[in-house]
Number of protein chains: 2
Amino acid sequence: MRNKNSIIRLSRYKNALRRLKTMGFGRIFSDNLADAIGVNSCQVRKDFSIFGISGNKRGGYQIDELIEHLNNILGKNIIQHAIIVGAGNIGAALAKYEGFEKDGIRIDAVFEADPLKVNPRADIPVLAADDMIEFIQKNDIRIGIIAVPESAAQQVLDLMVLSGVKGILNFAPIRLRAPRECVVNNVNLVLELENVIYFSNLLEKALEKDAQEA
Amino acid sequence: MRNKNSIIRLSRYKNALRRLKTMGFGRIFSDNLADAIGVNSCQVRKDFSIFGISGNKRGGYQIDELIEHLNNILGKNIIQHAIIVGAGNIGAALAKYEGFEKDGIRIDAVFEADPLKVNPRADIPVLAADDMIEFIQKNDIRIGIIAVPESAAQQVLDLMVLSGVKGILNFAPIRLRAPRECVVNNVNLVLELENVIYFSNLLEKALEKDAQEA
DNA sequence: ACCTTCTTGTGATTTTTTTCACAATAATTA
DNA sequence: TAATTATTGTGAAAAAAATCACAAGAAGGT
């Protein structure tokens, strides 16, 4: 785990590679890939170097091999099973999102506290929250997605961990506490948007200033 | 812009502060705040120092003042108007998400290419994609959210920029090209989940190894 | 077969970010 | 009011990440 960011980039590379492949490329150079994800080419080579991926001097990298290699590193050559907790806006959208399946991630079920939203016959079944622990244990689920309100999030996490979940993607806008043996990754939508607002304001001010000085 | 991460943390602080306030706190120390968002206390003080926020030695920080100050820095003392393009799973969920409004971000409209999904009378109106440029210009919209498929994303960005949008939050899983005067922030849900999978696998292997060695 | 050209792979360097450590100082207590 | 204690604010140090720069080695040309 030499660099936490490099692993995020590996996923990006894989994405870009898939696109480049459909565009007809069979091999690729570090600078093409760098362009595609917006970093510089040594970054690409260094990332590959860290994970022991090697190419061919002057010949670049074979795309198929590269994707295979990345999938191995990312644990994507086996289908990954996950559940979502919370069938609200975000939870429901994630359940319907096709992007996961395409990437070897299967959402096995959604869990929801509101009995009116429970629907075991849906394409992806929406089950009662009380059945979560049993489901996780029976199906050996390792990955959970939390899409419940802030106030319920910690409790959901605790139950997941208790049942054996090892990795959690959390959409509740709050920092959750998890034991060492469980990884938590947070996505905070408001925060991402605030970030855009801040930097675009900043940029606008900087450009105005430049214009005045010129 | 001394440190790109510090601005992200400012949003997190603000979030935590709101929570701490509802819990009855009136003032706060750097180590409480650090705990709340999971960093160490010098980080908090250094972040504040960078943005000229100061507290009271031994007295800590007044929460109300601090929130006010953060809102100023983040440009959140004025309501920020934004639009969403794409009324699919993600776009629709974002439109319904209450988190934005609470934070002074108003979604003024959603734009959608599919005429069947257009509904100008919805709570947040869903308008025809062709009307986007005019809407952005008339309403002086600066912030756009892209929630369309990968294949349409670049085109949407280009139109937004052309119309005057200065900051974009992109949910399409692709790197978009934007001119210097427009900030783009990417959220890639599959990638976030892959990250969880990678690190939880890694952790599990590491723990197994520890157990064997012990 | 040799020369030229292009691209990888990586140690060294630079830049960025985080953490340390402690002087300065406000609140609290005696 | 003086002594004590807790907490800030920040330069300096350490750690982490990105970039440079170039030797090594394939591919293609002559």
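Between A:Asn40 atom CG and C:dT15 atom P there is a gap of 14 Å when expressed in whole angstrom units. Rounded to whole Å, atom P of C:dT17 lies 13 Å from atom CG of A:Asn3. Rounded to an integer number of Å, the gap from A:Ile7 CD1 to D:dA17 P is 13 Å. Summarising the geometry, the separation between NZ on B:Lys4 and P on C:dT17 is reported as 9 Å, rounded to the nearest angstrom. Between the CG atom of B:Leu66 and the P atom of D:dG9 there is a distance of 10 Å, rounded to whole Å. B:Arg45 places its CZ atom 14 Å from the P atom of C:dC22, with the value rounded to the nearest Å. The CG-P distance, from A:Leu10 to D:dA17, rounds to 14 Å in whole Å. Between A:Ile50 atom CD1 and C:dG11 atom P there is a gap of 12 Å when expressed in whole angstrom units.
If you find the closest nucleotide of DNA chain D to A:Lys46 and to B:Ile53, the one lying nearer the 5' end belongs to B:Ile53. Residues A:Asp47 and B:Gly60 each lie close to DNA chain D; by heavy-atom proximity, the contact nearer the 5' end of the strand is made by B:Gly60.
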Short N/O separations, protein against nucleotides 26-30 of chain C, under 3.5 angstrom:
unit_1 : atom_1 : unit_2  : atom_2 : d
C:dA26 : O4'    : B:Lys57 : O      : 3.2
C:dA26 : O3'    : B:Asn56 : OD1    : 2.9
C:dA26 : O3'    : B:Asn56 : ND2    : 3.4
C:dA27 : OP1    : B:Asn56 : ND2    : 2.9
C:dA27 : N3     : B:Arg58 : NH1    : 3.2

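B:Asp158 and B:Gln154 share a side-chain donor-acceptor pair at under 3.5 Å. Checking A:Ser163 against A:Gln137 by side-chain atom types alone, no donor-acceptor pair falls below 3.5 Å. Side-chain atoms of B:Ser41 and B:Arg45 form a donor-acceptor pair, as typed in the model, at a separation below 3.5 Å.
Distances shorter than 4.0 Å separate some side-chain N or O of A:Gln43 from OP1 or OP2 on D:dT19. The phosphate of D:dA26 (OP1 or OP2) has no side-chain N or O of A:Tyr61 nearer than 4.0 angstrom. A close approach under 4.0 Å does occur between a side-chain nitrogen or oxygen of B:Ser49 and OP1 or OP2 of D:dT10. Side-chain nitrogen and oxygen atoms of A:Ser30 include at least one within less than 4.0 Å of the OP1 or OP2 phosphate oxygen of C:dT8. Distances shorter than 4.0 Å separate some side-chain N or O of A:Asn5 from OP1 or OP2 on D:dA18.
Using a distance-only test at 3.5 Å, with no hydrogens or angles considered, no donor-acceptor pair links the side chain of A:Glu112 to the main chain of A:Gly86. In this structure, the side chain of B:Asn32 does not engage the main chain of B:Ile28 through any donor-acceptor pair within 3.5 Å.
Taking the six-membered ring for Trp, B:Phe100 and B:Tyr97 have ring centres closer than 6.0 Å.
Here C:dT18 is the nucleotide among C:dT18, C:dT8, D:dT7 with the atom lying nearest to any side-chain atom of B:Arg9. Closest approach to the A:Cys42 side chain among C:dG9, C:dT10, D:dG9 is made by C:dT10 (side chain taken as heavy atoms from C-beta onward).
At a threshold of 4.0 Å, the pair B:Lys21-B:Asp64 counts as salt-bridged, since one of the basic side-chain nitrogens sits closer than that to a carboxylate oxygen.
Among the atoms of the strands shown, only primed sugar atoms or phosphate atoms (P, OP1, OP2) are found under 4.0 Å from some heavy atom of A:Ser54.
Each of A:Ile197, A:Asn201, A:Asn195 was checked for a side chain to side chain contact (heavy atoms under 4.5 Å, CB included) with A:Phe199, and the lone residue meeting it is A:Asn195.
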